[in-house]
Amino acid sequence: MKDLLQHAQHIVILTHMAPDGDAMGSSLALWNWINAAEPQCKRAGSVSVHVIVPNAFPAFFNWMPGADRVHVYEKESAACNDLIAAADLFLCTDFNDPKRIGPVGEKMIANPCPKILIDHHLMDEGVKRLADEGFWTEVHSHPEASSACEIVYKLLLKEERINAAELQCTRAKGTCITEAVASCIYTGLMTDTGNFSYNSTRAELYDIIAALLRAGVRKDVIYDAVFNQYSEHRVRLTGYALYRKMRIYPDYHLALITLSADELEQYHYQVGDTEGLVNMPLQISGIYYSVFMREERAKPGTPKSRIRISFRSQGDRPVNIWANEVFHGGGHANASGGELFGTIGQAVRLFERTFPQYIKK
Ligand code: 5GP
Ligand code: MN
């Protein structure tokens, strides 16, 4: 990674569709770090670095340093295609399957330059094969990590030590883990662990948090920016979903929430408004599985709407196999996603037909 970073001139950072805090945090941490390192290094001004996300990210990440410079592929695909074609290094964070970055994946594959993977998802068979075939120049895959941000932090720290010794960067504060970098990393740690309520039992994580606080992270300000800036519509949509749209299957310890495109429109849905909704039924005693389906209206020229499905579970009750085998998705054992092209009704029928096979009673 050190050599690759040292020689790259046009770095493109990519992260997954429907970017979450870890996707935004890990990609922007790298972006800010490279920008902080470069002016003080020998190659000042010689490097361009861009973050490209496949589609829009929620407004509650707008405050992140560099968020205003992120390219959204869906909105500016021509400019993004040029950047991707001209790249001489890709840094890919918080995903391991090129399919998770949609059309960006095909463009990345078309460019044979080095690609570094930084991720914490389990690799499924296809993804393992891709890695074995040497698709990635370097793989930093740590499913035990809380987040991609945790891995980015460790890589940057290591890189810092190498840089300090070998690149002779003279840095004002002796570090490029600036407050901006640290704030991005903290955001991913916070969001991927549900504000440290799951995936967060390793003590090492709190050593990292301590270091980030020393680097200037204002954790309460970040919490407030991400979790306390919702619209009134969003909170009412949550109320409607829980009150009117939640079905419980008590024998299976399972809850299902569905929201149609019409219902979402009624509540002025904005990207990110249903973030976290799938976790709420797990607050019910005796509910260990939760599934949420959200309809996205068919795009012009396509016949079917897309049903985006989120799966959550607690403890030793994996949902990723179900998401993978039935809904063309995958993910972590306790947090997965998938999709179906068709109606909500079709998705619910498929869900009801298959859950007895995949759920522990
Ligand atoms: P969410 O429900 O928040 O959209 O997704 C939860 C987790 O499931 C994500 O962190 C991601 O790891 C995984 N995931 C979501 N959708 C997909 C998908 O289509 N394929 C795979 N492999 N993983 C997914
Ligand atoms: Mn993540």
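Read the numbers this way: they start at 1 and go in the same order the structure lists the ligands and their atoms.
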Angle in degrees, rounded to 10°, that OD2 of Asp22 and NE2 of His120 form at the Mn ion (ligand 2): 90°
Shared hydrophobic cluster, Ile101 / Ile11 (ILVMFWY, side-chain heavy atoms < 4.5 Å): no
Geometric N/O contact Ile309 with ligand 1, under 3.5 angstrom: no
Enumerated ligand 1 atoms positioned under 4.0 Å from heavy atoms of Gly329: 18 (C), 19 (O), 20 (N), 21 (C), 22 (N)
Between His140 and Glu138: side-chain donor-acceptor atoms closer than 3.5 Å: yes
Protein residue, atom and distance nearest to atom 10 (O) of ligand 1, heavy-atom basis: His121 NE2, 3.8 Å
Partner of Phe351 by ring-ring contact (aromatic ring centres under 6.0 Å, His included), out of Phe327, Phe292, Tyr358, Trp322: Trp322
His120 ring center within less than 6.0 Å of His332 ring center: yes
For ligand 1, the portion of Arg100 having any non-hydrogen atom under 4.0 Å away: side chain
Under 3.5 Å: donor-acceptor pair, side chain of Arg69, backbone of Val51: no
Geometric cation-pi criterion, Lys245 with Tyr240: 6.0 Å, 45°: no
Parallel, tilted or perpendicular: ring planes of Tyr252 versus Phe355, cut at 30 and 60 degrees: perpendicular
The Mn ion (ligand 2) to Asp94: nearest N/O/S atom name: OD1
Any N, O or S atom of Cys149 closer than 2.8 Å to the Mn ion (ligand 2): no
Proximity of Arg308 to ligand 1 by residue part, where a heavy atom lies under 4.0 Å: side chain
Metal proximity, Asp192 vs the Mn ion (ligand 2), N/O/S cut-off 2.8 Å: yes
Polar proximity ligand 1 side, Asp20 side, N/O cut 3.5 Å exclusive: no
Nearest non-hydrogen protein atom, atom 23 (N) of ligand 1: Gly330 O, 3.0 Å
Contacting atoms of ligand 1, where contact means under 4.0 angstrom from a heavy atom of Ser310: 1 (P), 2 (O), 4 (O)
Ring centre gap for Tyr249 and Tyr289 strictly below 6.0 Å: no
Side-chain donor-acceptor pair present, Tyr73, Asn81, cut-off under 3.5 Å: yes
Protein residue, atom and distance nearest to atom 7 (C) of ligand 1, heavy-atom basis: Ala335 O, 3.5 Å
Heavy-atom nearest option to atom 3 (O) of ligand 1, drawn from Met123, Arg312, His16: Arg312
